[in-house]
Student: 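Questions regarding the structure given below will be posed in turn.
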Amino acid sequence: MSDTLFPFFNSNSDKVALVEGENKHTYSEVNDRINLFSSGILGAKEDLNEERIAFFLPASLDYVTTMHGVWRAGGIAVPLNVASAVSELDHYLTCAKVTRLIAGTQYHDSLKGLCNSLKIELLSVSDVMAEEPRALPLINPERRAMMLFTSGTTNKPKGVVSTHKTICAQITTLITAWEWSERDVIPLFLPLHHIHGIINILSCGLWAGATVHLFSKFDIPKISKQITHGTYNVFMAVPTIYVKLIQYFETIEKDEVDKICAGFSAMRLNISGSAACPVKLFEQWKELTGQILLERYGMTEIGMGISNPYNGERRAGAVGQPLPGVQCQLFDENDNVVERDSEPGEIRIKGDNVFLEYWENEEATKSSFKDGWFCTGDVAVVEQGYYRIMGRSSVDIIKSGGYKLSALEIEGVLLTHDSISEVAVIGIEDDIWGEAVTAFVALKEGTALEFDSLKSWCEGRMSSYKIPKHLKLVDALPRNAMGKVTKPSLKELL
Ligand code: MCA
Ligand code: AMP
């Protein structure tokens with residue numbers, strides 16, 4: 001059972017695990033709370049037997065209680081994006097066959113209708129808590145533990161299922177590689193429905209006995225203030241966050257900038273990941289803070305795969321070497337191993353860190369593995385011993401501010417607009433977001449479309465970060481002889 005392996009939860013430690021605003025929670029207090037939650041969610045059952053319990057909670061003590069509570073009771077934890085549109089939630093809840101949804105009371109009114117229609121019990125954490133702890137099941141590490149939704153080259157996001165063993169492998173490799181310890185203090189402001197926030201920050205922190213400061217969003221002034229006070233010694237973020245920090249520095253007094261940069265400078269580690277870190281950003285950050293960003297590469301299906309070294313050269317524009325316990329190999333289009341340096345190939349991964357399956361999607365699971373290797377769809381080269389990511393094999397995946405977005409999913413929603421006859425969505429290079437969602441639209445005859453009205457129409461139909469940043473009206477989309485839209489040629493139309 002992976003959860004009891006979190007050593008500090010078992011040690012009755014009075015060390016602070018979580019800081020939430022003015023409130024501090026010790027490991028022993030959090031541990032007791034988790035046990036009461038597990039006892040309550042079990043009710044009369046001995047074991048949840050992989051029942052899917054979803055939760056709609058921002059970063060909070062309640063989130064940690066629910067995640068670990070579900071694990072200890074033998075359920076599958078399904079953390080949801082609190083910024084989701086209702087239509088997206090419908091898909092997640094239906095696909096995972098969720099039975100109970102734990103949500104903050106502030107969300108109950110907006111979730112009630114959906115839960116009623118899907119016959120899902122809507123609860124708050126306090127509804128679940130038992131008065132007394134009870135015996136909890138022993139859980140085989142091979143059992144399913146968590147489901148995260150990931151966008152792919154198909155229309156709807158797929159549920160990526162990891163086991164207790166997967167999660168344990170993903171955490172422990174990072175604890176070793178990045179030298180986590182109980183002396184660490186880290187801010188957590190990333191969303192908690194993705195590996196970056198869940199595993200790299202929250203779970204590694206709690207496993208190591210560190211202190212994790214929880215923020216419901218990336219609140220630059222608040223977080224910067226703590227940084228000037230020297231509160232944190234580790235900082236992990238997506239490249240967009242480093243860009244936004246640098247932009248923020250341009251809006252405040254130099255004296256203040258110097259204090260924040262000194263706070264960063266004193267840290268033991270600054271990490272960038274989830275999307276490519278431009279060399280220019282790497283250099284700017286070094287110049288401002290003296291920190292040499294450690295860039296690493298990961299994916300929902302594998303956790304972290306490749307990382308620049310903690311000790312040793314961290315190379316700009318490269319992601320380093322495979323992490324301990326992770327097997328990594330590049331393959332060409334004919335599935336042959338790429339033997340020579342500087343020749344590109346698809347990254348394929350093996351190891352205990354790799355997920356179990358796409359939930360109830362045998363076909364997708366099967367086609368994503370070849371000879372036991374998980375095929376990431378990312379193309380890389382090895383140069384003087386360092387992997388460098390060159391891009392993805394699909395134009396239908398967009399990385400915006402660290403979020404992986406499916407062009408097809410966005411197109412599917414836009415096509416339901418009354419004025420749109422055809423649409424193609426791609427990512428266009430962008431200094432802040434990495435890639436900006438851009439929609440090429442052909443209109444139905446006799447109709448017109450303003451960008452602002454399209455954006456308003458999108459609200460509530462998709463999460464706000466998926467809404468196109470640019471709209472280009474075209475007479476018709478460029479197509480090849482087979483009638484397929486030639487997406488690479490769209491950029492030329494801008
Ligand atoms: C916010 N907006 C965005 C994005 N985020 N637009 C495009 N892409 C985005 N990622 C838009 C909002 O819709 C809004 O638009 C406006 O920006 C301001 O929103 P706000 O929420 O205030 O922005 P923010 O707080 O500055 O958010 C930026 C962010 C956030 C903090 C960078 O996007 C974020 O947390 N990204 C990280 C996601 C992540 O953790 N990914 C890891 C998955 P409007 O004003 O028009 O309403 S990848 C992973 O886990 C793998 C394993 C890995 O390798 O790590
Ligand atoms: P997700 O499935 O949302 O976790 O996103 C995983 C994808 O993010 C990978 O398949 C890569 O395309 C991309 N990614 C993650 N880290 C990096 C990185 N350091 N450089 C380039 N791309 C990255």
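Whatever order the structure lists them in is the order used to number ligands and atoms, beginning at 1. Computed from heavy atoms alone, side chains included, the values below leave out hydrogens, waters and symmetry copies.
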Student: Counting heavy atoms only, which part of H196 comes closer than 4.0 Å to ligand 2: side chain, backbone, both or neither?
Tutor: neither
Student: Could you check atom 13 (C) of ligand 2 against the protein and tell me its nearest heavy-atom contact, residue, atom and distance included?
Tutor: S274 O, 3.7 Å
Student: Looking at ligand 2, does T376 have a heavy atom less than 4.0 Å from it?
Tutor: no
Student: Tell me, with the steps shown, if T166 and T163 meet side-chain hydrogen bond (donor to acceptor under 3.5 Å, both in side chains).
Tutor: CA-CA 5 Å; T166 322; T163 63; 2.6 Å; yes
Student: With a cut-off of 4.0 Å, which atoms of ligand 2 are near a heavy atom of V319?
Tutor: 19 (N)
Student: Check R461 against S87 and note the closest heavy-atom contact, atom names and distance.
Tutor: O-OG, 3.3 Å
Student: Return the protein residues near ligand 1 (heavy atom under 4.0 Å from any of its atoms), ordered by chain and residue number.
Tutor: L190, P191, H194, I195, H196, K217, F218, V238, T240, I241, K244, S274, R296, G298, M299, T300, M304, K399, S400, G401, G402, Y403, W433, S464, Y465, K469
Student: May I ask you to check whether Y465 and N81 show a side-chain donor-acceptor distance below 3.5 Å?
Tutor: yes
Student: Check this for me: does any side-chain nitrogen of one of D335 and R348 sit under 4.0 Å from a carboxylate oxygen of the other?
Tutor: yes
Student: On the six-membered ring of F282, is K286 placed so that its NZ or CZ lies under 6.0 angstrom from the centre and within 45° of the ring axis?
Tutor: no
Student: In terms of residue, atom name and distance, what is the protein heavy atom nearest to atom 10 (O) of ligand 2?
Tutor: D378 OD2, 2.5 Å
Student: Heavy-atom distances under 4.0 Å decide this one: backbone, side chain, both or neither, for A275 against ligand 2?
Tutor: backbone
Student: Side chains of N270 and Y242: do they bring a donor and an acceptor to under 3.5 Å?
Tutor: no
Student: Can you tell me if S393 and E346 form a side-chain donor-acceptor pair at under 3.5 Å?
Tutor: no
Student: Which residue holds the protein heavy atom closest to atom 5 (O) of ligand 2, what is that atom called, and what is the gap in Å?
Tutor: K399 NZ, 2.9 Å
Student: Nearest protein heavy-atom contact for atom 21 (C) of ligand 2: which residue, which atom, what distance?
Tutor: A276 N, 3.3 Å
Student: Is R388 close to R315 at the side-chain level, that is, under 4.5 Å between some pair of heavy atoms?
Tutor: no
Student: For atom 6 (C) of ligand 2, what's the nearest protein heavy-atom neighbour? Residue, atom name and distance, please.
Tutor: G298 O, 3.5 Å
Student: Which residue and non-hydrogen atom of the protein lie closest to atom 3 (O) of ligand 2, and at what distance in Å?
Tutor: K404 CB, 3.3 Å
Student: Looking at every non-hydrogen atom in both residues, tell me the closest pair between C328 and P322 and how far apart they are.
Tutor: CB-CG, 3.6 Å
Student: Can you confirm if the aromatic rings of F55 and Y107 lie within a centre distance of less than 6.0 Å?
Tutor: no
Student: Answer yes or no: is there a donor N or O on one side and an acceptor on the other, between the side chain of E256 and the main chain of E253, under 3.5 Å?
Tutor: no
Student: Is the distance between the ring centroids of F264 and W285 under 6.0 Å?
Tutor: yes
Student: Should E295 be counted as touching ligand 2, given the test is an N or O pair under 3.5 Å?
Tutor: yes
Student: May I ask you to check whether E301 has an N/O atom sitting below 3.5 Å from an N/O atom of ligand 2?
Tutor: no
Student: So, do M236 and W178 sit near enough that their side-chain heavy atoms are less than 4.5 Å apart?
Tutor: yes
Student: Below 4.0 angstrom from a heavy atom of T300, which ligand 2 atoms are there? Numbered from 1 as shown, please.
Tutor: 1 (P), 2 (O), 3 (O), 4 (O)
Student: In ligand 2, which numbered atoms sit nearer than 4.0 Å to a non-hydrogen atom of T150?
Tutor: 2 (O)
Student: Short list, please: which atoms of ligand 2 are under 4.0 Å from a heavy atom of R392?
Tutor: 12 (O)
